[in-house]
Every structure is written in structure tokens, then in C-alpha cells.
Amino acid sequence: MGYVFQQYLTAAAGEKLIVCAKCGAHITKAEFVISRGFQGMHGQAYLCSEVVNVLAGESVARLLLSGAHEVSCVSCVVCSAELGWKYNRAYELTEAYKVGKTVLERALIRIVREPTSPSRSVRVRRALALGVPSG
């Protein structure tokens with residue numbers, strides 16, 4: 001398996017980022033949260049318009065609280081931790097606004113004010129992999 005390259009989101013002072021609770025990988029900015037009124041298997045969940053550093057699984061049909069949908073499980077690209085699901089298709093017209101959006105379960109993420117950055121050891125490993133001196 002190769003190196004995992006992840007995106008790092010930047011936030012202005014005071015802005016919040018949503019990160020993976022297990023490894024701290026950046027997932028989205030708080031400004032991309034459309035709704036906090038969703039419910040997941042672990043409690044409260046957030047509907048988000050944009051996410052990074054996630055992998056979507058196979059699309060499956062499910063009957064959710066809001067009706068029938070096709071969804072994919074979403075996991076962290078760095079540590080493979082489950083984070084929520086992505087809406088791929090809505091069978092009811094009133095639910096079509098969810099298609100292409102991702103739901104992140106609050107119990108599986110953390111909200112941070114400062115962007116998390118990789119530790120020095122991670123930066124050194126990446127630099128060595130690219131052939132750059134680690135000075």
C-alpha cells in the first residue's frame with residue numbers, strides 16, 4: 001500500500017474545522033454544515049455540503065427516517081474510521097436536496113478551532129519519501 005495523501009483545510013482565526021475523532025484528519029469546515037438536525041446510529045449528525053479525506057463505500061438502498069434513499073457509508077481516508085454516510089439518490093422529490101451531501105455523525109468527529117497539523121515525525125517521513133532533507 002502507498003502513502004495516503006490528505007488535504008489540509010485552512011481556517012481563519014476563530015473558524016472551526018470538523019476532523020476525524022480517531023486520527024484528526026480534516027473532514028470539512030463548520031461553514032459547510034447545512035443542518036445539525038439529523039439523527040444517526042450514534043445520535044446527533046450533521047448534513048454537510050462539502051467534505052474531504054473520505055472514502056465512500058458501495059451504494060445501497062436503505063429506508064431511513066426521512067424515506068427511501070440510496071446511500072454509501074463514508075469513512076476516513078487516513079484511518080478508515082466510520083464517519084457517516086453520503087446520499088446518492090432520493091426516491092422522493094422532497095428529499096432530493098440531500099443527494100450528493102454527506103452526513104457526519106457527531107460521535108465520530110471532533111470540532112476544533114485551530115487547524116490540526118501533522119506532527120514533526122509525520123512531516124519528516126513525508127519529506128524523506130519525497131527525497132527532501134528533513135532539517
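Here the OG1 atom belonging to Thr102 is positioned 15.5 Å from the OH atom belonging to Tyr46, to the nearest 0.5 angstrom. Interatomic distance, Lys22 NZ to Ser80 OG, rounded to the nearest 0.5 Å: 7.5 Å. The CZ atom of Phe32 sits 6.0 Å away from the OG atom of Ser49 when rounded to the nearest 0.5 Å. The distance from the CG atom of Leu108 to the NE2 atom of His42 is 4.5 Å, given to the nearest 0.5 Å. Rounded to the nearest 0.5 Å, atoms CG (Leu17) and CZ (Arg110) are 11.0 Å apart. Taken from CD in Glu92 to NZ in Lys98, the straight-line distance is 9.0 Å, to the nearest 0.5 Å.
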**Request:** Check the pair Gln6 / Tyr8 against side chain to side chain donor-acceptor pair (under 3.5 Å), numbers first and verdict last.
**Result:** CA-CA 7 Å; Gln6 58 181 307; Tyr8 292 95; 3.3 Å; yes
**Message:** Using the rule given for side-chain contact (heavy atoms from CB on, under 4.5 Å), can you reason through Trp85 versus His69, listing the C-alpha separation, both sets of side-chain angles and the distance that settles it, and then say yes or no?
**Reply:** CA-CA 11 Å; Trp85 66 92; His69 299 275; over 6 Å; no
**Message:** The test is side chain to side chain donor-acceptor pair (under 3.5 Å); show your working for Glu70 and Tyr91 and say whether it passes.
**Reply:** CA-CA 8 Å; Glu70 280 187 21; Tyr91 292 104; 2.7 Å; yes
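Side-chain heavy atoms closer than 4.5 Å link hydrophobic residues (I, L, V, M, F, W, Y) into clusters, and following such links, even through other members, never connects Val103 to Leu55. One hydrophobic cluster holds both Val33 and Val74 under the rule that ILVMFWY side chains link at heavy-atom gaps under 4.5 Å. Val52 and Ile34 are members of different hydrophobic clusters when ILVMFWY side chains are connected at heavy-atom separations under 4.5 Å. Phe38 and Met41 are members of different hydrophobic clusters when ILVMFWY side chains are connected at heavy-atom separations under 4.5 Å. Residue Tyr87 is grouped with residue Tyr97 when hydrophobic side chains (ILVMFWY) are merged at heavy-atom distances under 4.5 angstrom, including chains of intermediate members.
A donor-acceptor pair under 3.5 Å is absent between the side-chain atoms of Asn53 and the main chain of Ile27, judged by distance alone. In this structure, the side chain of Ser72 engages the main chain of Gly57 through a donor-acceptor pair within 3.5 Å. Using modelled atom types, no side-chain atom of Glu105 and backbone atom of Gly84 make a donor-acceptor pair closer than 3.5 Å. Checked by atom type and distance alone, the side chain of His26 pairs as donor or acceptor with a backbone atom of Leu9 at under 3.5 Å. Looking at Lys29, its side chain does come within 3.5 Å of a backbone N or O of Thr10 through a donor-acceptor pair.
The shortest distance between side-chain heavy atoms of Leu83 and Ser75 does not fall below 4.5 Å. Here the side chains of Val60 and Arg62 are in contact, with some heavy-atom distance below 4.5 Å. Considering only heavy atoms from C-beta on, Lys86 stays 4.5 Å or farther from Val71 through its side chain. For the pair Leu104/Ile18, a side-chain contact is recorded, criterion being any heavy-atom separation below 4.5 Å from C-beta on.
Nearest heavy-atom pair across Cys48 and Thr28 is SG-CG2, 4.1 Å.
Summarising the local packing, NZ of Lys16 is surrounded by 12 or fewer heavy atoms from other residues, nucleotides or ligands at distances under 6.0 Å.
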